[in-house]
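Every value quoted in this text rests on a predicted model; they were computed, and no experiment measured them.
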Amino acid sequence: MSRIGRMPISVPAGVDVKCDGNFMTVKGPKGEISKQLSTAMNIEISDGVIQVTRPDDTNINRSLHGLTRTLIANMIEGVTNGYSKTLEIEGVGYRAAKQGHDLVMNLGFSHQVIVSEGNGITIEVPQPNKIVISGVDKQAVGQFAAEVREKRPPEPYKGKGIKYAGEHIVRKEGKAGKGKK
């Protein structure tokens, strides 16, 4: 039995969970998420506890068991606390600013790079070299952060570009030049 899949999920106070077949809707103080889960899994809600069970031990059901449980737990975590990713911009003249619902970045190109907030995604720019992306859907927050980082990924020589907070960039040595004769 899957160690992750068999763990019960407790539903905190203030969170409303509805399951119609395998279409799950979770409402909480931060927002609402709906997701279609695998029809092979059995989801039972009773007394503020969600239990996910699998019908048999086939390989596909074994792999879906832990996944389904984790997706439900992430939905509950998202509507109670939310998820956020912090990006750092490094480089001379590289900076970001928020204009309305758009993130405007100067990244060393001849033009500004503009990215709009998506559904359920909020962008904050507390400092010109820091971007905080937050939302209730873990997958959407991670995907949006990856798309912003892709606009100018960090390069290995000087480390200029957009990186995740705490990300280690492996540096390369530059040209050594010709030796003296």
I'd like to know if [Y] and [X] are part of one continuous hydrophobic network [Ile/Leu/Val/Met/Phe/Trp/Tyr, side-chain heavy atoms within less than 4.5 Å].
X      : Y      : answer
Val26  : Val11  : yes
Val141 : Ile131 : yes
Val92  : Ile89  : no
Val104 : Val115 : no
Val148 : Val132 : no

Should [X] and [Y] count as side-chain neighbours, where that means a heavy-atom distance under 4.5 Å?
X     : Y     : value
Lys85 : Leu87 : no
Met24 : Lys18 : no
Val52 : His65 : yes

Decide, yes or no, whether a salt bridge links Arg149 with Glu88 under the criterion of side-chain N to carboxylate O below 4.0 Å.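 Answer for the salt bridge query: no.
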Listed by chain and number, what are the ring pair (Phe, Tyr, Trp, His ring centres under 6.0 Å) partners of His168, not counting sequence neighbours?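 Partners of His168 by the ring pair (Phe, Tyr, Trp, His ring centres under 6.0 Å) criterion come out as none, since no residue qualifies.
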Do other residues, nucleotides or ligands put more than 12 heavy atoms under 6.0 Å from the [atom1] atom of [X]?
X      : atom1 : value
Arg171 : CZ    : yes
Ile4   : CD1   : no
Asn59  : CG    : no

State which residues pass side-chain hydrogen bond (donor to acceptor under 3.5 Å, both in side chains) with Asp137; sequence neighbours excluded, sorted by chain then number.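 Asp137 satisfies side-chain hydrogen bond (donor to acceptor under 3.5 Å, both in side chains) with no other residue.
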Selection residues 119-147 - residue pairs positive for ring-ring contact (aromatic ring centres under 6.0 Å, His included), sequence neighbours left out: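 Applying ring-ring contact (aromatic ring centres under 6.0 Å, His included) to every pair that reaches into residues 119-147, excluding sequence neighbours, yields nothing.
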ring-ring contact (aromatic ring centres under 6.0 Å, His included) contacts in which one or both residues fall within residues 76-107, not counting sequence neighbours: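 Passing the test, one end in residues 76-107: no pairs.
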State the [atom1]-[atom2] distance between [X] and [Y], to the nearest 0.5 angstrom.
X      : Y      : atom1 : atom2 : value
Arg69  : Thr53  : CZ    : OG1   : 13.5 Å
Asp102 : Gln112 : CG    : CD    : 11.0 Å
Ser134 : Ile123 : OG    : CD1   : 9.0 Å

Taking only distance into account, with no hydrogens and no angle test, what donor-acceptor pairs under 3.5 Å do side-chain atoms of residues 156-165 form with protein atoms, sequence neighbours excluded?
none

Please lay out, stage by stage, how Arg95 and Met105 fare under the test side chain to side chain contact (heavy atoms under 4.5 Å, CB included). CA-CA 6 Å; Arg95 62 184 169 274; Met105 298 178 285; over 6 Å; no
List the steps and the verdict of side chain to side chain contact (heavy atoms under 4.5 Å, CB included) for Ile72 and Asn74. CA-CA 5 Å; Ile72 295 170; Asn74 286 346; over 6 Å; no
Of Asp56, Asp57, Thr58, the residue whose pairing with Arg54 passes side chain to side chain donor-acceptor pair (under 3.5 Å):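 Result: among Asp56, Asp57, Thr58, Asp57 is the only option passing the side chain to side chain donor-acceptor pair (under 3.5 Å) with Arg54.
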Without placing hydrogens or testing angles, list every side-chain donor-acceptor pair under 3.5 Å for residues 29-51, not counting sequence neighbours.
unit_1: Ser34; atom_1: OG; unit_2: Thr25; atom_2: OG1; d: 3.4
unit_1: Ser38; atom_1: OG; unit_2: Ala40; atom_2: N; d: 3.3
unit_1: Gln51; atom_1: NE2; unit_2: Arg6; atom_2: O; d: 2.9

Mind listing the closest non-hydrogen atom pair of Ile169 and Glu155 along with its distance?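 Heavy atoms only, the tightest pair is CG2-O, 4.1 Å.
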Which atom of Lys130 lies closest to which atom of Thr86, heavy atoms considered: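 For Lys130 and Thr86, the tightest heavy-atom pair comes out as CG-CG2, 3.8 Å.
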